[in-house]
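Below is one structure; the comments refer to it alone.
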Protein chains: 2
Amino acid sequence: MQKSEPKKKPPTIKEVAAHAGVSIMTASRAVNGKALVSAKARRAVDLAVKALGYVPNASARALAGSADRRVALLHSHSTTSAYLGELLLGAMSEAPQRHLHLVVEQCAPGAFAAEIVEQVAQAHVAGVILPPPLCDWAELVEGLRARDIAIVAIATDQDVPDMLSVSTDDRHAAYDLTRHLIELGHKRIGFIEGNPRHRSSARRLQGYKDALVHHALDLDEALIVPGDFSYRSGLDAAERLMALDERPTAIFACNDDMAAAAITVAHQRKVNVPAEISICGFDDTPLASAIWPALTTIRQPIRDMSREAIGLLAMRFRSQDEGADGVIGKVKLDYQLIRRQSDAVPARH
Amino acid sequence: MQKSEPKKKPPTIKEVAAHAGVSIMTASRAVNGKALVSAKARRAVDLAVKALGYVPNASARALAGSADRRVALLHSHSTTSAYLGELLLGAMSEAPQRHLHLVVEQCAPGAFAAEIVEQVAQAHVAGVILPPPLCDWAELVEGLRARDIAIVAIATDQDVPDMLSVSTDDRHAAYDLTRHLIELGHKRIGFIEGNPRHRSSARRLQGYKDALVHHALDLDEALIVPGDFSYRSGLDAAERLMALDERPTAIFACNDDMAAAAITVAHQRKVNVPAEISICGFDDTPLASAIWPALTTIRQPIRDMSREAIGLLAMRFRSQDEGADGVIGKVKLDYQLIRRQSDAVPARH
DNA sequence: TTGAAAGCGCTAACAC
DNA sequence: GTGTTAGCGCTTTCAA
């Protein structure tokens, strides 16, 4: 309403303290939820904070307590923006609360691991979040470790000493999805593999195989065809599957893009999805719900994963500060089977 | 290599000054590229910076020169993560250089404009970046303005006083794409509209119409069908278009999702794309290159747009600080016509 | 052209 | 429990 005031600086802790009638230190302690503050003082400060709309100045806080550090979300050119966006959102929401400053670094395409390590080190980063496939790049991980930079890997099953990780159980998710199809009545289920460079690919295949075996179904190698996560590769893979003498009644593609490709192939061959063939994906990317029929798929809580990653880094730093070295942490988050319209009971023949 | 040292604090400007044999101030000035530093001193400092691997401490810098402010990237639930991811990447890369601190705020779904304004104000944000459709929400924009919060709208043509904006020329891009089809030989071009709440939708339609008129082609209203940017709506719209007595030889969908839907419909009807019908999209989302045939579409430089947005905010703040009020800025970025496999010369009949 | 001094807002140490 | 004293690393005065 009143536009006269040229600047209204945000309130400082000093003003909060004055407003609450306590010393600056008490205000600081109260704001940070530390112990050793009387209930009365705490209440007064809380009130003052509300009244003034006080928000701590992150820079000052960072500068004063040496507790703050920079952490980087490192990504390669191959990380899709949707995936990256989710990671960013999660990390950005968590970082300030953990007193961490988040920066984003992109690996130059074709760069050597050593160069990337150098770049990260130059940026005075204390920890990095490594989404796939970076987290499976041994030289990079090793280089970072040598520099004493904390690492948290997203969605890997690698067990590197000191490396933190956040993941979902890919194998188990694939197992569940396969079991879902088996319970629907499918007996011949095609599998389209992902890029062999991503270890998740192998884990998903393992889950698929386990489910088949546990349900006493044949494990026909002809039903397992290669792919590389791209739509294009899915097209070829689906063609191979559909051309089989005994066509599968369901296809489990290692990601949504390839599942979408399989649906396209089915359309072209006038095979109705899901009435004549069920097709499932993995990842629940926007594509999964964009196409028709919408894909039954597995959702991974990407945003939560990066949130957790920040949490792990914060914990690691805290334990380092306290001298307790080498606390390891691996957290597994729950996935979700999202059932949409691309799967059904197999047609009788 | 040597893991013995528990902590190696980054060098400070003090050390740089000492190394260069100058005072702290001279070092500071040199590092910041200010005038009034002798060439000799500057060289010495540069050397010291290189030698020590000095990187300015952002927190200290922000704290000292009160020049830093918080800016928020506001997004609604309807912003897709891919779009948001691109926006974030651009903004995050530019913000530190402009001495701005970026935060992300999500509008609670169904919240009133006043509530959102309140939320933003509480966060002591000096400026906001408003992607569509938020930038076209009059009450929100008005509320923010009343609070004296700088606004930069992404991809809008609204001309609100004081509001900064970064956009591409939607109308012109649509014109170009339509012209492209016309030059290929198409005379009956269907158009699938976008969500009427997004003003870009109307701008694209205008470009389509203009191109038709300028090339002396009939403007058949039956060829313009409604949609809302969703794949689902694209399915319906494409059905209507394909069911027309005189079927169009090309379809221009207002975004990629709907274009993908049109391709699916064409497949179902056994109409070959692009041999029998050309289908173009808009936005160049990942979907555009994920499907087959890959879409000919328009790419907007989203990452650059948010980078520019940050730049505009920084400029606005600077001019405010200098007392020069009301500097307006609207930047237009270039779009790109991405030609892939979904368009071709029309079949003769 | 350069430098010394004085903080920016906050929190670790210590006292009380 | 609370308050006091020092800084964190940097940039803004202002004086030399």
Side-chain angles (χ1 to χ4, degrees), chain A residues 7-45 48-49 52-70 96 98-101 124 126 317-318 321-322, chain B residues 7-45 48-49 52-70 96-99 101 124 318 321-322:
Chain A
K7 272 177 219 185
K8 49 170 177 249
K9 292 209 162 194
T12 73
I13 199 166
K14 215 158 158 182
E15 297 166 53
V16 171
H19 190 105
V22 298
S23 79
I24 294 178
M25 259 334 286
T26 306
S28 168
R29 283 194 267 255
V31 167
N32 290 34
K34 301 248 176 150
L36 303 185
V37 183
S38 68
K40 195 176 116 195
R42 174 157 285 142
R43 223 172 306 119
V45 172
V49 167
L52 273 44
Y54 170 75
V55 178
N57 179 319
S59 301
R61 176 177 278 175
L63 190 53
S66 54
D68 97 308
R69 316 200 196 210
R70 293 160 66 89
R98 300 295 197 155
H99 296 207
L100 294 179
H101 185 71
H124 294 293
F317 294 145
R318 201 157 53 73
D321 292 342
E322 288 164 359
Chain B
K7 270 177 221 188
K8 47 169 175 242
K9 291 210 165 199
T12 74
I13 199 166
K14 214 159 158 180
E15 298 165 54
V16 172
H19 190 106
V22 298
S23 78
I24 294 179
M25 266 328 295
T26 305
S28 168
R29 282 194 268 256
V31 167
N32 291 32
K34 300 247 178 153
L36 302 184
V37 183
S38 67
K40 194 177 118 193
R42 175 157 286 144
R43 223 172 306 118
V45 172
V49 167
L52 272 46
Y54 170 74
V55 176
N57 178 320
S59 300
R61 176 175 280 179
L63 190 54
S66 54
D68 94 312
R69 321 204 192 207
R70 293 160 65 90
Q97 304 178 34
R98 302 294 195 153
H99 296 207
H101 185 69
H124 293 292
R318 201 158 52 75
D321 291 344
E322 287 165 359

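A note on names: the letters A, B, ... follow the listed sequences, proteins ahead of strands, and every chain is numbered from 1. As the structure is a prediction and not an experimental result, all values here were calculated from the model.
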Within less than 4.0 Å of OP1 or OP2 of dG9(C), is there a side-chain N or O belonging to T12(A)?
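For T12(A), the contact criterion (side-chain N or O under 4.0 Å from OP1 or OP2 of dG9(C)) is not met.
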Starting at atom [atom1] of [X], determine the distance to atom [atom2] of [N], rounded to an integer number of angstrom.
| X | N | atom1 | atom2 | result |
| --- | --- | --- | --- | --- |
| R70(B) | dC8(C) | CZ | P | 20 Å |
| I24(A) | dA13(C) | CD1 | P | 19 Å |
| I13(A) | dG7(C) | CD1 | P | 19 Å |
| R69(A) | dC8(D) | CZ | P | 18 Å |

I13(A) versus Y54(A), closest heavy-atom pair with distance:
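Here I13(A) and Y54(A) meet closest at N-CE1, 3.5 Å.
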Least distance between heavy atoms, P11(A) atom then L52(A) atom
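Result for this residue pair: CG-O, 3.4 Å.
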Quick one: [atom1] on [X] to [atom2] on [Y], what's the gap to the nearest 0.5 Å?
| X | Y | atom1 | atom2 | value |
| --- | --- | --- | --- | --- |
| S23(B) | R29(B) | OG | CZ | 6.5 Å |
| H101(B) | S59(B) | NE2 | OG | 9.0 Å |
| K14(A) | I24(A) | NZ | CD1 | 6.0 Å |

Proximity to the side chain of [X] - top-ranked nucleotide from [options]:
| X | options | answer |
| --- | --- | --- |
| N57(A) | dC10(C), dG9(D), dA4(C) | dC10(C) |
| L63(B) | dG9(C), dC10(C), dC10(D) | dG9(C) |
| R61(B) | dC10(D), dC8(D), dC10(C) | dC10(D) |
| M25(B) | dG3(C), dC10(D), dG9(D) | dG3(C) |

Go nucleotide by nucleotide along DNA chain C from the 5' end; which of V55(A) and V22(B) gets its closest nucleotide reached first?
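Its nucleotide being nearer the 5' end, the pick is V22(B).
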Residues in contact with DNA chain C, drawn from residues 26-43 of chain A - heavy-atom cutoff 4.0 Å:
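Contacting residues: S28(A), N32(A), K34(A).
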Determine whether N57(B) and T12(B) make a side-chain contact, defined as any pair of heavy atoms from C-beta on separated by less than 4.5 Å.
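Not in contact.
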